[in-house]
Amino acid sequence: MSTTDVTRRTNATKKSKKREDSEKDANKKIRRSRRREARQRQRIITIVAFVFSFVLLYSATRPKRSSNLGIDSARYQRGTALREAALRKMSVGKDNAEGAISFFRNKMRGAKKKATDALDGVKTTSAGMRYLDPRQLPPLPGEPDERYEGKGKKRFRGVGDDEWRSEAASNPRRRMGPKVDYTKHDYEYPDLVYEPPNDGSYPPLENMSDIFEVWGQDDLDSPPDTIVEVLQHFDYQDPKQVEAAIKYRDLELPFKMYNVPEVMEAGLKWTDEYVSSYFDGTNNDNVPPSRGQCQRSVDHFFAFHRPDKWDTRLLGPPPSTDVDWTFEKWAQHAVYADEVALPINKHHYYWQSGVPREERLQKRKHWTFVSRDLPSFSSPDPTFFGFNPPEQKGIQCRFGERGVTAATHYDGGRNMIAMMTGAKRYILSPPNACPKLGVVTSHRHPSYRHSMLNFGRVTLLDMEDTGIEMSEREREWLRVSGEAPTLSTVLKAGEVLYVPSHWFHYIISLQKSAQCNTRSGIHKEGNPYFGGLKEVVECVGEGDD
C-alpha cells in the first residue's frame with residue numbers, strides 16, 4: 001500500500017471520528033434540552049396544582065357570597081328589578097331602552113366596550129337626568145344600610161364629539177354671547193348688618209322645593225326680573241365692611257365679597273387665548289405650564305364619583321368620562337353653548353385644573369398663572385381669603401359652560417370661592433340638613449359623602465305627563481330633599497363667596513364661567529344653629545376633608 005493510500009485512510013478515519021463525536025455532542029445537547037424542558041413542565045404543573053389547590057381551599061373556607069359583588073342578594077335583586085322596570089317605562093323610545101339593557105348584558109358577559117360608548121347609550125329626557133338605577137342612591141331614612149363592594153377602573157376615558165361645530169359656524173347668534181348675561185342682570189341685596197346675628201335667623205333658609213318653584217334650576221333663559229339675594233354682600237375696599245365680614249366668617253356664616261381688585265383684574269386677563277396659552281404651553285413669559293382635564297357628561301348633570309369604585313355592572317355607566325380636548329376646544333364649545341342656549345339633554349363639557357399646595361412654598365418664578373394672578377389665594381402668609389396657609393390644600397379651578405350642574409357635596413375646609421368670569425348659581429344647605437340631601441353613606445360606594453340627586457326635579461313630583469320616569473327611591477328622596485333648608489345665591493364675576501366648613505353646595509353654571517377656590521382648614525364646631533362636623537359625622541359616618 002502506498003504512502004498516499006495510508007494518508008487517505010488515516011484522514012478518512014479522523015473525519016469519521018469527528019462526525020461521531022459531533023453527533024454525540026448534538027445528542028447530549030438534545031438530551032440536556034429535553035431534561036430542561038421536562039423540569040420546566042414539572043415546575044409549571046406544580047405551580048398550577050398549587051394555585052388550583054389554594055383556590056379550592058379558599059372557596060371552601062371563605063364566607064358564602066352572592067354573585068353580585070358583595071351586595072346583599074335580596075336588595076341586589078330588588079335594585080335590579082327597579083332598574084329594569086324604570087328602563088321598560090322610559091318614554092324615549094324602544095331602541096334607546098334596548099340599547100341601555102344591551103349595555104348591561106354585554107358588560108356582564110365581559111364585553112370590552114368603552115365607557116364612552118356606554119354613556120352615549122344612556123338616554124335622557126327633557127329633564128336631562130338619566131340616573132334611573134336606584135342603587136346609585138342611598139337607602140331612604142329608616143331603611144337598612146346597603147353594602148357595596150364593586151370595582152371600577154383607574155379612569156373612564158371618552159372622546160368628545162364635533163357635531164356641534166357646523167351648527168356653531170352657521171348660528172345666527174354667533175359672537176352675541178349668552179341670551180341672559182347674569183353679570184349684568186338686576187339684583188336686590190339685603191341691607192348691610194355689621195354685627196352678625198347669631199340666633200339662627202341668618203342666613204334665611206327656606207325649603208328647597210320653594211327655591212326651585214320661584215326659579216327653576218334649568219330656566220336659564222327666564223330668570224326672575226330681579227334676583228333677590230339673601231347673603232350679606234360686603235365691599236372688599238371698605239375696611240369697616242371687611243371687619244364685619246371677618247365676624248361672619250368667625251361664626252361660620254356664609255357671605256359674599258365684591259370689589260376685589262385681584263379677582264376683577266384676573267377676570268380681565270383671563271380671555272380664552274390667555275388661559276389656553278398656559279394650558280398648551282404656548283405662553284412666552286417663562287411661566288410654568290398648567291395642567292387641566294376636560295370631562296364630558298351625556299347631559300348637563302355632573303356627579304362626583306371615584307372611577308376605581310364605579311362598577312358599571314352594578315351602577316350603570318359612569319356619570320362622566322375624561323376626554324382629550326384642549327382648553328381651547330373646551331372654550332369654543334362653551335361659547336357655542338351660550339350662543340345656542342344648549343339644551344340640557346345634550347352633551348356638556350367641563351374643564352378642571354388644580355394648583356398643588358406645595359406651589360405656594362416655592363419661589364415665585366415657579367408659580368403657575370393661577371397663583372400669580374390670585375396672590376391672596378396662593379400666599380404663604382395669611383390673607384383675608386387664605387387665612388390659614390398651613391391648612392391650605394392648593395387652589396382648585398373649575399371652568400363651566402352653560403347648564404353644567406354639579407351634584408351637592410360638602411368640603412371640610414373653610415372655602416373661599418372666587419368668580420373671575422361669568423356666573424354660577426349656588427344652592428347652599430347647612431351641615432344639619434345632611435340627612436335630607438340623599439348623601440351616600442356607604443364608605444365603599446364611589447360617591448361616598450356626595451349626593452347623586454338632581455334637585456331640579458323636585459318641581460316635577462306633583463306634575464302629570466312630564467315624560468319622565470323615576471324609581472320610587474329617587475322620587476321619595478326628592479320629596480325628602482324638597483324640605484331641606486336651603487338658600488340660593490348667584491356668584492358673578494368679581495365676587496367671592498365664603499362657604500363655611502361642611503356646608504353643602506349644589507352648583508349650576510348659568511353661563512360660560514371661570515371660578516377658583518381655596519380652603520383654609522376645618523372648623524369642627526361649626527355654628528350651633530346650623531351644625532358642623534358632628535352633624536356630618538352622624539349623617540355619613542365619617543367627617544373631615
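What you see is a predicted model, and the numbers here were worked out from it, not measured in a lab. Starting from 1, each residue takes its place in the sequence as its number.
- Sorted by first and then second residue, the disulfide (SG to SG under 2.5 Å) pairs involving residues 185-262 (not counting sequence neighbours) form an empty list.
- Identified under the salt bridge (charged side-chain N to carboxylate O under 4.0 Å, His left out) test for residues 527-536, with sequence neighbours left out: Lys534-Glu538.
- For the pair Ser488 and Ile211, the tightest heavy-atom approach, listed with the atom from each and the gap, is CB-CG2, 3.8 Å.
- The disulfide (SG to SG under 2.5 Å) analysis of residues 385-433, with sequence neighbours excluded, yields the pairs Cys397-Cys516.
- Ring centroids of His233 and Tyr258 are separated by less than 6.0 Å, placing the two rings close together.
- Contacts of Tyr350 classified as ring pair (Phe, Tyr, Trp, His ring centres under 6.0 Å), with partners at least two apart in sequence or in another chain: Phe302.
- Atom-to-atom distance recorded for Leu437:CG and Thr408:OG1 is 5.5 Å, nearest 0.5 angstrom.
- Remark: Glu525 engages no residue in a salt bridge (charged side-chain N to carboxylate O under 4.0 Å, His left out) (not counting sequence neighbours).
- A cation-pi arrangement, defined by a distance under 6.0 Å to the six-membered ring centre and an angle within 45 degrees of its axis, is present between Lys492 and Tyr187.
- Looking only at distances, a side-chain donor or acceptor of Thr421 sits under 3.5 Å from a matching main-chain atom of Ala514.
- Phe327 and Trp351 have their aromatic ring centers within a separation under 6.0 angstrom.
- Side chain of Tyr189 to main chain of Val228: no donor-acceptor pair is present (N/O by atom type, distance under 3.5 Å, no hydrogens or angles).
- Closest approach of Pro389 and Pro382 over heavy atoms only: CG-N, 3.6 Å.
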(request) Give the intermediate values and the outcome of side chain to side chain donor-acceptor pair (under 3.5 Å) for residues Ser371 and Glu359. (result) CA-CA 8 Å; Ser371 294; Glu359 184 167 297; 2.6 Å; yes

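- With sequence neighbours excluded, no residue forms a ring pair (Phe, Tyr, Trp, His ring centres under 6.0 Å) with Phe387.
- His505 and Asp411 form a side-chain donor-acceptor contact under 3.5 Å, judged by distance and modelled atom types alone.
- Ring pair Phe455/Tyr506 is tilted by interplanar angle, where 30° to 60° counts as tilted.
- In this structure Lys256 satisfies the salt bridge (charged side-chain N to carboxylate O under 4.0 Å, His left out) test together with Glu229, Glu495, sequence neighbours excluded.
- In the displayed structure, Asp225 atom CG is contacted under 6.0 Å by at most 12 heavy atoms of other residues, nucleotides or ligands.
- Using a 4.0 Å cut-off between charged nitrogen and carboxylate oxygen, Arg473 and Glu143 count as a salt-bridge pair.
- For Tyr182, the ring pair (Phe, Tyr, Trp, His ring centres under 6.0 Å) partners two or more places apart in sequence, or in a different chain, are His185, Trp215.
- Under a 3.5 Å cut-off, the side chain of Thr383 and the backbone N or O of Ser376 do form a donor-acceptor pair.
- Under the rule for a salt bridge (charged side-chain N to carboxylate O under 4.0 Å, His left out), Lys240 has no partner lying at least two apart in sequence or in another chain.
- In this structure, His445 and Tyr148 have tilted ring planes: the angle between them lies in the 30° to 60° band.
- Phe385 and Tyr498 have their aromatic ring centers separated by at least 6.0 angstrom.
- For Ala337, the side-chain contact (heavy atoms from CB on, under 4.5 Å) partners two or more places apart in sequence, or in a different chain, are Leu342, Glu401, Arg402.
- Residues satisfying the ring pair (Phe, Tyr, Trp, His ring centres under 6.0 Å) criterion with Tyr336, sequence neighbours excluded, are Trp164, His333.
- Taking the salt bridge (charged side-chain N to carboxylate O under 4.0 Å, His left out) definition, one finds that Lys424 meets it with nothing, sequence neighbours left out.
- In this structure, Gln136 contributes its side chain and Leu315 its backbone to a donor-acceptor pair below 3.5 Å.
- A donor-acceptor pair under 3.5 Å links the side-chain atoms of Thr486 to the main chain of Ala484, judged by distance alone.
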